[in-house]
*Asks:* 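Quick one: the structure is below, and I'll ask about it shortly.
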2 protein chains.
Amino acid sequence: MGETPPFLADPETTRESIMRATYLALCEHGYAGLTIQRIGESFEKSKSLLYHHYDDKDELLLAFLQFMLEEHESWVPESTDDGPRERLDAVIDAMLPPELAAEHHGFTAAMVELRAQAAHDERYRDQFAEHDRVFQAHLVDVIEDGIEAGQFRDVDAEAVAAFLGTTVAGAMTRRVTGGGDRAATTTREALESYVDRVLLADETEAEA
Amino acid sequence: MGETPPFLADPETTRESIMRATYLALCEHGYAGLTIQRIGESFEKSKSLLYHHYDDKDELLLAFLQFMLEEHESWVPESTDDGPRERLDAVIDAMLPPELAAEHHGFTAAMVELRAQAAHDERYRDQFAEHDRVFQAHLVDVIEDGIEAGQFRDVDAEAVAAFLGTTVAGAMTRRVTGGGDRAATTTREALESYVDRVLLADETEAEA
DNA sequence: CCATGGTGATTGAATGTTCAGTAAGCCGGA
DNA sequence: TCCGGCTTACTGAACATTCAATCACCATGG
């Protein structure tokens, strides 16, 4: 424990340092076990300083989600070198890696917990709605590029992206709240076959 | 607010009454806002009596989940009259109704929150793993019946059921944590088309 | 008279939040 | 260069609240 994604490795401002501490505390204790005290313990400065920068715990966590979303946006490799199919696989891989490393597990679990807060808190709901929009827009991009490149069938990209996003969200949730990794791996296989069927059906139909 | 499913309508034992109170409090306040006090307020007897019947809050909630699962099992209509396709649609409808009534919304949201607890609590994880098993077994039943009846293609029922279950879980989650009902309705449409494609492909292939 | 079901007041711990105060930079003027 | 005032970063201790859990006590039927 103590690993962070690269953009959190060596924070330069105090706020970045707080984001890092929040990340670490979330991974270690989950949202349910997250207290200001615990964030303070992963923080080189004092606990009360958190209140100097953020009004309250919720504002801090919302800011954390916003921060992660922004970093995530500026982090997507955008490797247009590969073909559309490879790019699509890469996106799914990023959200649903075949083997969930121990450190990633804590963070994934915490994100599932955080998302659940959206069920009764509008601010979280807005935040995750935006997150979903960004993720889905990315999927739409990849799919439409594939269509223009003549590699994918001329499907409704929005609809396919929404479906993929929903299924991936379900698999992420199940992976950490139920049957374990098997839920994720079988979902990946099923998605492969779905993509084959729906997006690459040209060849399949040609075979028929 | 104040509506309950039929099996909770008029509790006969004190324990059933506690389950009912828990249900009502969960719908009204969500898991995040659920306190023993609030359960007590939806309960005709006193709050301390809860501790007479359950050791602590967690035991009560776990018992509640177990209770809901058992009632749900004994509640499935098993209408074998309809065809396999109709039965499958009915199952999906039950989990993902096209219009989420206000009262159902609170309960769905609470279940999403409750499931998120499984991310850091093994007892909840076991509970929801069992829930998923039961639900998926039901789907497998319907699919296998459809295959035997010659209405569905000879697919891997386990795999298809797992995929459906995951997607439905994702849609339920998104419905209450993000984009609202649109996530659920588009997912339903996509699932329809998936079922057409994967399970009923005989006719489609015949057309080709 | 005691076991079972039930009550209202109380407590103790956890935790978010505040606050008075210190240290450290910054800047314009003498 | 040094000084005074001003602002920002930061701290430790205390405060206020929430909430699960308990306790002493009551009632009623067998």
Side-chain angles (χ1 to χ4, degrees), chain A residues 10-65 67 110 113-114 116-124 127, chain B residues 10-67 110 113-114 116-117 119-124 127:
Chain A
D10 36 32
E12 291 173 2
T13 72
T14 299
R15 292 208 160 205
E16 276 176 24
S17 184
I18 293 177
M19 296 295 98
R20 177 175 183 273
T22 306
Y23 176 91
L24 291 173
L26 264 178
C27 290
E28 193 165 351
H29 308 287
Y31 175 77
L34 187 73
T35 69
I36 291 286
Q37 169 116 273
R38 295 258 173 79
I39 297 177
E41 284 164 10
S42 303
F43 185 37
E44 48 271 25
K45 313 286 179 64
S46 84
K47 158 186 148 187
S48 359
L49 184 55
L50 300 174
Y51 285 95
H52 187 72
H53 290 273
Y54 300 94
D55 281 351
D56 54 27
K57 194 187 178 189
D58 275 334
E59 204 208 313
L60 196 166
L61 287 182
L62 265 331
F64 174 75
L65 287 174
F67 176 80
E113 291 183 85
L114 275 170
Q117 304 309 305
H120 66 271
D121 189 320
E122 192 176 4
R123 295 167 304 171
Y124 284 83
Q127 187 64 47
Chain B
D10 35 33
E12 292 173 359
T13 72
T14 299
R15 292 207 159 209
E16 276 177 22
S17 183
I18 293 176
M19 295 296 98
R20 184 184 124 94
T22 306
Y23 176 90
L24 291 173
L26 265 179
C27 289
E28 194 165 350
H29 309 287
Y31 175 77
L34 188 73
T35 68
I36 292 286
Q37 168 117 274
R38 295 254 172 82
I39 298 178
E41 283 164 11
S42 303
F43 185 37
E44 47 270 23
K45 313 287 178 63
S46 84
K47 157 188 146 186
S48 7
L49 185 56
L50 300 173
Y51 285 97
H52 192 72
H53 290 271
Y54 298 94
D55 281 349
D56 55 27
K57 195 190 179 188
D58 275 334
E59 203 209 313
L60 197 167
L61 287 182
L62 266 332
F64 173 76
L65 287 175
Q66 187 67 36
F67 175 81
E113 291 182 83
L114 240 12
Q117 303 310 305
H120 66 270
D121 189 320
E122 191 175 5
R123 294 168 304 171
Y124 284 81
Q127 186 65 44

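Below, read A as the first sequence line, B as the second, and so on, with proteins coming before strands; counting in each chain starts at 1.
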*Asks:* Does the structure place the NZ or CZ of B:Arg15 under 6.0 Å from the centre of the six-membered ring of B:Tyr54, at an angle of no more than 45° from the ring's axis?
*Replies:*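 Flagged: B:Arg15 positioned over aromatic ring of B:Tyr54.
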
*Asks:* Do you know the tightest heavy-atom contact between A:Pro11 and A:Arg20?
*Replies:*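 Answer, listing the atom of A:Pro11 first, then A:Arg20: CD-CD, 3.7 Å.
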
*Asks:* In whole angstrom, what separates A:Ile39's CD1 from C:dT17's C1'?
*Replies:*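 These atoms are roughly 14 Å apart.
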
*Asks:* Please verify the inter-ring angle class for B:Phe64 with B:Tyr23; under 30° counts as parallel, over 60° as perpendicular, anything in between as tilted.
*Replies:*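 The arrangement is tilted - the two ring planes meet at 30° to 60°.
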
*Asks:* Can you check the B:His52 NE2 to D:dA21 P distance for me, whole Å?
*Replies:*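 Atom-to-atom, B:His52 to D:dA21, this comes out as 17 Å.
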
*Asks:* How long is the line joining OH of A:Tyr54 and C1' of C:dG16, in whole Å?
*Replies:*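 After rounding, the gap between these two atoms is 17 Å.
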
*Asks:* For the side chain of A:Ser46, starting at C-beta, report the closest nucleotide among D:dG12, C:dT7, D:dA20.
*Replies:*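 For the A:Ser46 side chain, the nearest candidate turns out to be D:dG12.
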
*Asks:* Can you name the nearest heavy-atom pair linking A:Lys57 to A:Leu34, along with the distance?
*Replies:*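 Nearest heavy atoms, A:Lys57 then A:Leu34: NZ-O, 2.9 Å.
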
*Asks:* Does B:Ile36 reach a base, just sugar-phosphate, or nothing at all? Heavy atoms under 4.0 Å.
*Replies:*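 Here B:Ile36 touches the backbone only, sparing every base.
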
*Asks:* I need the OH-C1' distance between A:Tyr51 and D:dC15, as an integer number of Å.
*Replies:*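 Rounding to the nearest Å, OH of A:Tyr51 and C1' of D:dC15 are 13 Å apart.
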
*Asks:* Nearest to the side chain of B:Lys47, heavy atoms from C-beta on, is which of D:dA14, C:dT7, D:dA21?
*Replies:*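 Looking only at heavy atoms from C-beta outward on B:Lys47, the closest nucleotide is D:dA21.
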
*Asks:* What is the distance, to the nearest angstrom, from the CD atom on A:Gln37 to the C1' atom on D:dA13?
*Replies:*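 My rounded result for the distance is 13 Å.
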
*Asks:* Which heavy atom in B:Ala21 sits nearest to a heavy atom in B:Ser42, and how many Å separate them?
*Replies:*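 Scanning both residues completely, I find the closest heavy atoms to be CB-O, 3.4 Å.
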
*Asks:* Tell me which of B:Phe43 and A:Lys57 sits closer to the 5' end of DNA chain C, going by the nucleotide each one is nearest to.
*Replies:*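 Here B:Phe43 is the residue nearer the 5' end.
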
*Asks:* Tell me: CG of A:Leu50 to P of C:dC19, nearest whole Å?
*Replies:*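 Atom-to-atom, A:Leu50 to C:dC19, this comes out as 17 Å.
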
*Asks:* Output the rounded distance in Å from CG (A:Leu34) to C1' (C:dA14).
*Replies:*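 Result: 14 Å.
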
*Asks:* Between A:Asp56 (CG) and C:dT18 (P), how many Å, whole number?
*Replies:*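 Rounded to the whole Å, the gap is 8 Å.
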
*Asks:* Identify whether any heavy atom of A:Ser48 sits under 4.0 Å from a base atom; if not, whether one sits that close to sugar-phosphate; answer base, sugar-phosphate or nothing.
*Replies:*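 The residue A:Ser48 makes base contact.
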
*Asks:* Between A:His53 and D:dT8, does any side-chain N or O lie under 4.0 Å from OP1 or OP2?
*Replies:*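 For D:dT8, OP1/OP2 do not have a side-chain N/O of A:His53 under 4.0 Å.
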
